[in-house]
Amino acid sequence: MAYDYTAMEKKWQEKWIDEGLNLANRDEKKPKFMMIFAYPGVTGYLHVGHLRGYTYTDAICRYKRMTGFNVLFPVGTHATGNGAISLSAKVRNNNEEFIDYLERNGCTEEKLEQLKDPMGVVKFFNEVYVEDYWKRFGFLADWRRFTCTLFPDYGKFIQWQFRKLKEQGLLIQKPYYAPACPNCGPVAVDASETDISKGGNAETQEYTLLKFKHGSEFLVAATLRPETVYGQVCFWVNPEVEYKKISKNGETWIVSPQAAEKLQLQKDGVEVVGTIPGKEMIGWKCEAPMIHREIPVFPATFCDPTVGTGLVTSVPSDAPDDWISLEAVKKDPKMISEYGLSQELIDSVVPISIITMKGYGDFPAKDMIDRLNITQPGDPKLVDAKKQVYKDGYHMGKMKDTCGEFAGMRVEEAKDKMKQAMIDAGEAELFYDLTEEVVCRCGQPVHIRRIDDQWFINYGDQKLTDETSEHCKDMDINPPEYYENVHGVLNWFRERACVRQGNWLGTRFPFDDKWIIEAISDSTLYPLYYTISLYANEGRIKPENMTEEFFDYVVLDKGELASVSKSTGISEDLLEEIRKDVHYWYPLDINLGGKEHMTVHFPVFLMNHRAILPDDMQPKGIIVNWYITGKKNKISKSKGGAQPIPGAAKKFGVDAMRLYYAHVASMFVDVEWDEDIVMTYRQRLDKIMGTVEDLIASESDAPKSDIDDWLLSRFNTHISEIRTAMEKYDLRAMATVAYYEMLNDIRWYNRRGGKNRETLNEALRIWIMSMMPITPHIAEELWSKAGFEGMVSAALLPEPRQISAAAEYGEDLVRDVMSDIAQIRKVAAIEPEQIILYTSPSWKVDVMKLALSMMEEGKLDIPSLTKKCMADENMRKNGKAVSEFAKKTATEFMRSTADAKRPIVELDETALLRSCEEFLSDELGTKVRVCSADEPDLYDPQKKAKVAVPGRPAIFIE
RNA sequence: GCGGGGGUAGCCAAGCCGGCCAAAGGCGCGGGACUUAAGAUCCCGUAUCGAAGGAUUUCAGGGGUUCGAAUCCCCUCCCCCGCACCA
């Protein structure tokens with residue numbers, strides 16, 4: 001049967017909204033629960049993988065609602081940055097690929113006009129996220145509270161937050177090196193190339209400038225590997241470049257013209273004072289820093305004047321370029337004579353081995369050259385060679401004995417130490433440069449410029465780190481691994497630049513208008529703002545009312561109501577209402593986010609809370625969810641994974657997708673998106689729909705019997721399993737119960753002839769409720785079909801009751817007997833005429849009863865049990881058999897619990913199995929008779945009856 | 001290298017705070033029922049051996065702790081992720 005899930009979804013979503021089920025209003029009489037998912041950045045359309053975490057949030061919130069909590073589930077979006085600017089630029093420029101992408105996802109022609117404006121982009125995607133994703137998936141979020149980081153009221157909140165950080169002394173200013181255009185100031189260098197026309201992939205690199213003394217001047221080389229100075233054997237100068245002499249702090253430096261310009265942006269008082277042709281320097285000897293040895297200057301054309309300083313110190317042991325160039329020089333007599341060098345001098349230059357690393361010999365550079373089969377300077381493979389040697393050296397290398405006091409250190413450590421030592425000695429300085437050419441939109445080259453007054457949030461603050469770390473111990477953080485590691489992450493966090501200039505959307509920095517607060521920093525304390533956004537969205541407060549006093553009062557209880565009311569222009573009543581809301585909903589119970597947040601968002605979320613809010617407002621839980629990935633880490637377009645979310649919702653049904661997310665794996669593993677798997681979940685729901693509908697439609701009724709006790713007991717057991725699972729937010733375990741075990745139980749009930757209306761009604765009520773958190777639409781549909789009152793989304797899950805271990809045990813016994821019989825038939829290959837089941841002789845039950853009571857008193861052991869049995873006159877008649885059985889029983893019982901064993905002795909097996917004779921005969925297609933081993937004149941040709949024990953009837957097949 | 005996470009039956013994936021684990025559940029596969037409309041539904045089976053419900057060998061590999069280990073400890077191998085402006 002094909003169900004029209006789309007229609008069903010729409011119908012119920014509208015009803016929920018009509019009934020206001022999603023609205024969260026303060027209700028002091030009810031416990032509250034507040035949960036968010038980390039809001040998404042407005043970067044375009046989302047794909048099916050993103051819905052995973054969002055779905056968890058809705059399911060958990062629905063469950064909490066069903067267990068009596070007043071739930072606040074707010075949503076928002078993050079639009080800070082230049083994403084929207086760049087998207088709108090693409091539309092304005094008629095970027096074909098991008099517009100195609102928009103249209104594929106359902107964007108209409110008219111909307112394109114709106115998208116030409118950055119804020120239009122934000123507005124557009126805000127709508128897409130809310131309407132096409134979250135509402136479409138049936139989320140019961142309080143839409144009234146929706147906020148976006150670019151809303152003016154949100155900005156007020158962020159400005160307040162920064163004022164509080166400053167009060168705490170957590171905002172610090174220090175120099176920072178950032179890409180900037182001489183005309184336009186700081187620019188954003190990123191792949192979207194909003195500010196720039198070239199070089200979006202460039203990154204900023206820190207070079208160490210090494211000063212090589214030559215007379216009263218310094219040749220200045222730039223290196224990425226200051227730890228290799230002990231391997232310096234010569235120095236490279238490009239003979240074709242006209243170098244500049246610059247004066248700096250009274251010294252004279254020689255660098256390339258390009259470097260001279262860049263240095264002026266980063267160093268004070270740099271002036272060009274002259275020039276010197278590169279070839280003039282060939283043959284010089286200069287004194288290398290750190291090692292204080294004189295090394296010769298050789299010619300090399302690979303010295304690019306645009307990279308670093310255009311001068312290079314040569315460490316052939318670990319730099320492939322150096323190795324190959326040195327080889328080349330040695331074999332080039334023409335060059336030697338041209339520059340007036342001597343073969344002797346050149347031959348005296350030999351590489352020095354300085355770093356030992358696994359997989360390499362004394363000279364890693366040479367090994368790599370050989371491995372990649374590089375034979376001469378200029379080979380493009382040298383780029384890879386360099387990268388690989390650097391990377392391996394950095395991570396795996398250790399300094400050799402040739403490295404003075406740094407011998408034995410890991411490269412990672414030595415690098416910083418050696419760099420610092422040279423800086424302290426005045427032999428080195430730092431310098432920043434971009435990895436590739438970057439050109440501003442205005443056409444000017446972009447270089448790294450020192451910004452003296454950059455603001456940082458000092459996450460390195462020890463007190464804050466310690467306090468946050470301490471608080472994390474009291475939090476419910478999932479998965480447990482993250483609970484453990486979060487301390488390490490907090491510790492590792494240092495200062496973070498929190499504002500930037502240039503073409504960005506975001507909130508102005510309250511202490512200096514030229515700055516805009518950057519993207520991570522304006523998204524740390526924001527869950528709190530959802531408790532206030534309601535009032536701003538409804539127009540009851542305006543951004544201009546939202547002053548520092550306002551937030552101080554409603555959040556921190558600071559200030560006098562009357563004076564705050566006066567200064568903010570908000571009525572006292574309203575201020576009180578907001579203040580109470582804030583304190584009712586906060587702290588946040590759970591912040592759920594994808595694993596990418598573990599090292600970025602969660603730590604700053606925690607630290608900002610700790611820094612600004614009092615103890616009783618600290619967050620209580622974090623859940624990290626892993627990803628839905630595509631094959632080869634990309635959701636494949638051809639398989640439809642990248643199809644628009646609304647399309648997937650239509651194809652599979654929202655509930656099937658929700659169930660897929662919830663059940664396909666635990667939250668803490670990556671899952672590969674696979675449509676076929678989603679389809680199996682859809683089929684599972686079809687099956688459940690059909691089963692429930694059949695039950696509802698069925699006219700038949702029957703009096704209650706044992707099987708009814710069983711079903712009700714099972715379902716109540718399931719309620720408690722669900723509660724236990726959800727304590728740990730284990731949606732997967734919960735789903736296994738609700739969508740698999742409960743269906744199986746219903747089937748078994750049917751199979752066993754159960755038909756009682758009342759039982760079925762109660763079972764259905766529990767079952768449908770159990771499905772509500774994950775598949776709310778079909779649950780709602782079935783709830784209404786079953787004629788239950790109200791909506792299941794508003795129903796309360798009952799506490800478990802009527803659990804009957806005996807009833808559950810009894811059915812297990814029936815199933816065990818059936819499977820035993822099947823097995824015997826298979827192995828023995830018998831075509832049976834009849835099957836006789838002999839239940840245990842009663843004396844064995846008596847032994848077990850004795851054992852049980854002894855166990856309950858905590859006095860069970862083999863000799864005591866045997867003794868006690870022998871005290872019974874009837875039992876003594878069976879002498880040996882009794883003592884053997886007592887031994888077995890005692891051993892077995894001692895390994896278990898009284899509760900587990902009690903049903904075995906309490907169940908009247910003979911009566912139960914007799915009542916199943918007909919059922920078993922039908923199921924097995926053979927006449928089944930049940931006898932008690934105690935019966936006189938027992939028909940027992942193979943003497944099977946005597947092996948029967950409680951819980952294990954003997955089986956005779958003939 | 002440092003830090004983190006893993007390796008479970010054909011596949012995915014539970015379990016992993018020691019026994020009730022030959023190991024949930026799903027998928028796939030085999031057989032049967034229905035019956036021939038179905039990406040349908042329902043039963044049974046799916047490590048190996050077994051003419052009686054059992055036995056044996058399994059949870060990357062090796063060793064150990066224990067009456068008892070997929071679960072705890074040690075070693076080895078392999079896979080994945082992050083590494084602080086970082087090559």
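A note on names: the letters A, B, ... follow the listed sequences, proteins ahead of strands, and every chain is numbered from 1.
- At a threshold of 4.0 Å, the pair A/Arg714-A/Glu811 does not count as salt-bridged, since none of the basic side-chain nitrogens sits closer than that to a carboxylate oxygen.
- Taking the nucleotide of RNA chain B with the nearest heavy atom to each of A/Arg732 and A/Tyr177, the more 5' of the two is matched to A/Arg732.
- Taking 3.5 Å as the limit, the base of B/A84 and the side chain of A/Arg496 contain no donor-acceptor pair of atoms between them.
- Straight-line distance between the P atoms of B/C80 and B/C86: roughly 26 Å, to the nearest whole Å.
- For the pair A/Lys262 and A/Phe431, the cation-pi criterion (under 6.0 Å, within 45° of the ring axis) is not fulfilled.
- Between A/Ile677 atom CD1 and B/G26 atom C1' the separation is 8 Å, expressed in whole Å.
- In the set B/U41, B/A87, B/A52, the nucleotide with an atom closest to the side chain of A/Gln683 is B/U41.
- Minimum atom distance to the side chain of A/Lys687 is reached by B/U41, of the listed B/A51, B/G25, B/U41.
- To the nearest whole angstrom, the two P atoms, one in B/C74 and one in B/G3, are 14 Å apart.
- Remark: P of B/C16 and CG of A/Asp730 are 11 Å apart, rounded to the nearest angstrom.
- Using a 4.0 Å heavy-atom criterion, one finds that A/Pro953 contacts the bases of the nucleic acid, with or without backbone contacts as well.
- Residue contacts for A/Ala735: at a heavy-atom cut-off of 4.0 Å it reaches no nucleic acid atom on any strand shown.
- Distances were taken from every side-chain heavy atom of A/Gln205 (C-beta onward) to each of B/C27, B/G39, B/A87; the shortest belongs to B/A87.
- Taking atom C1' on both B/G5 and B/G50, the two are 43 Å apart, rounded to the nearest angstrom.
- In this structure, A/Lys415 reaches the B/A87 phosphate: one of its side-chain N or O atoms is under 4.0 Å from OP1 or OP2.
- One finds a side-chain N or O of A/Ser666 lying less than 4.0 angstrom from the OP1 or OP2 phosphate oxygen of B/A14.
- Of the P atoms belonging to B/G15 and B/A87, the separation is 41 Å, rounded to the nearest Å.
- What separates CZ of A/Arg815 from P of B/G53 is a distance of 23 Å, to the nearest Å.
- Residue A/Ala665 places its side chain closer to B/A13 than to any other of B/U41, B/A52, B/A13.
- As rounded to the nearest Å, B/A24 and B/C16 have C1' atoms that lie 14 Å from one another.
- Nearest to the side chain of A/His663, among B/U41, B/A87, B/G25, sits B/G25.
- Checking B/C86 for Watson-Crick or G-U wobble geometry (two distances, each under 3.5 Å) identifies no partner in any strand.
- The shortest distance between side-chain heavy atoms of A/Leu209 and A/Leu430 does not fall below 4.5 Å.
- Rounded to whole Å, the distance from CE on A/Met734 to C1' on B/A24 is 18 Å.
- Base orientation of B/A24: anti, the glycosidic angle falling outside 90° of 0.
- In this structure, the CG atom of A/Asp922 is 17 Å from the P atom of B/A33, given to the nearest Å.
- Atom C1' of B/A23 sits at a distance of 15 Å from the matching atom of B/G18, rounded to the whole Å.
- Nearest-nucleotide positions on RNA chain B place A/Met667 closer to the 5' end than the other of A/Glu958 and A/Met667.
- In this structure, B/C21 makes no Watson-Crick or G-U wobble pair, since no nucleotide meets both defining distances under 3.5 angstrom.
- Nucleotide B/G45 is matched to B/C29 when pairs are restricted to Watson-Crick or G-U wobble geometry with both distances under 3.5 angstrom.
- When A/Ile172, A/Thr465, A/Leu464 are each tested for a side chain to side chain contact (heavy atoms under 4.5 Å, CB included) with A/Asn458, only one passes: A/Ile172.
- B/A60 is paired with B/U76 under the criterion used here, namely a Watson-Crick or G-U wobble arrangement in which both key atom distances are under 3.5 Å.
- Residue contacts shown for A/Lys398 are absent, as no nucleic acid heavy atom lies under 4.0 Å away.
- Between A/Arg751 and the phosphate of B/C44, there is a side-chain N or O to OP1/OP2 separation shorter than 4.0 Å.
- B/G7 and B/U66 have their C1' atoms separated by 25 Å, given to the nearest Å.
- In the set B/A14, B/G25, B/A87, B/A87 carries the atom at the smallest distance from any side-chain atom of A/Leu224.
- Look at OH on A/Tyr660: it is 15 Å from P on B/C27, rounded to the nearest Å.
- For the C1' atom pair drawn from B/U8 and B/A47, the interatomic distance equals 13 Å after rounding to whole Å.
- The A/Arg494 side chain lies nearest to B/A84 when the options are B/A87, B/G50, B/A84.
- Between A/His663 and A/Tyr681, the ring center distance clears the sub-6.0 Å criterion.
- Remark: A/Arg952 is in phosphate contact with B/G54, judged by side-chain N or O atoms under 4.0 Å from OP1 or OP2.
- Between A/Glu206 and A/Lys419, at least one side-chain nitrogen of the basic residue sits less than 4.0 Å from a carboxylate oxygen of the acidic one, meeting the salt-bridge criterion.
- In this structure, the ring of A/Trp673 has its center no less than 6.0 angstrom from the ring center of A/Tyr627.
- A/Gln823 comes within contact range of at least one nucleobase, with a heavy-atom separation under 4.0 Å.
- Rounded to whole Å, the distance from CD on A/Glu721 to C1' on B/A14 is 14 Å.
- Atom CD1 in A/Ile955 sits roughly 13 Å away from atom P in B/A52 (whole-Å rounding).
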Hey, mind stepping through A/Asp940 and A/Lys946 against salt bridge (charged side-chain N to carboxylate O under 4.0 Å, His left out) and telling me if it holds? CA-CA 10 Å; A/Asp940 184 12; A/Lys946 64 170 196 284; over 6 Å; no

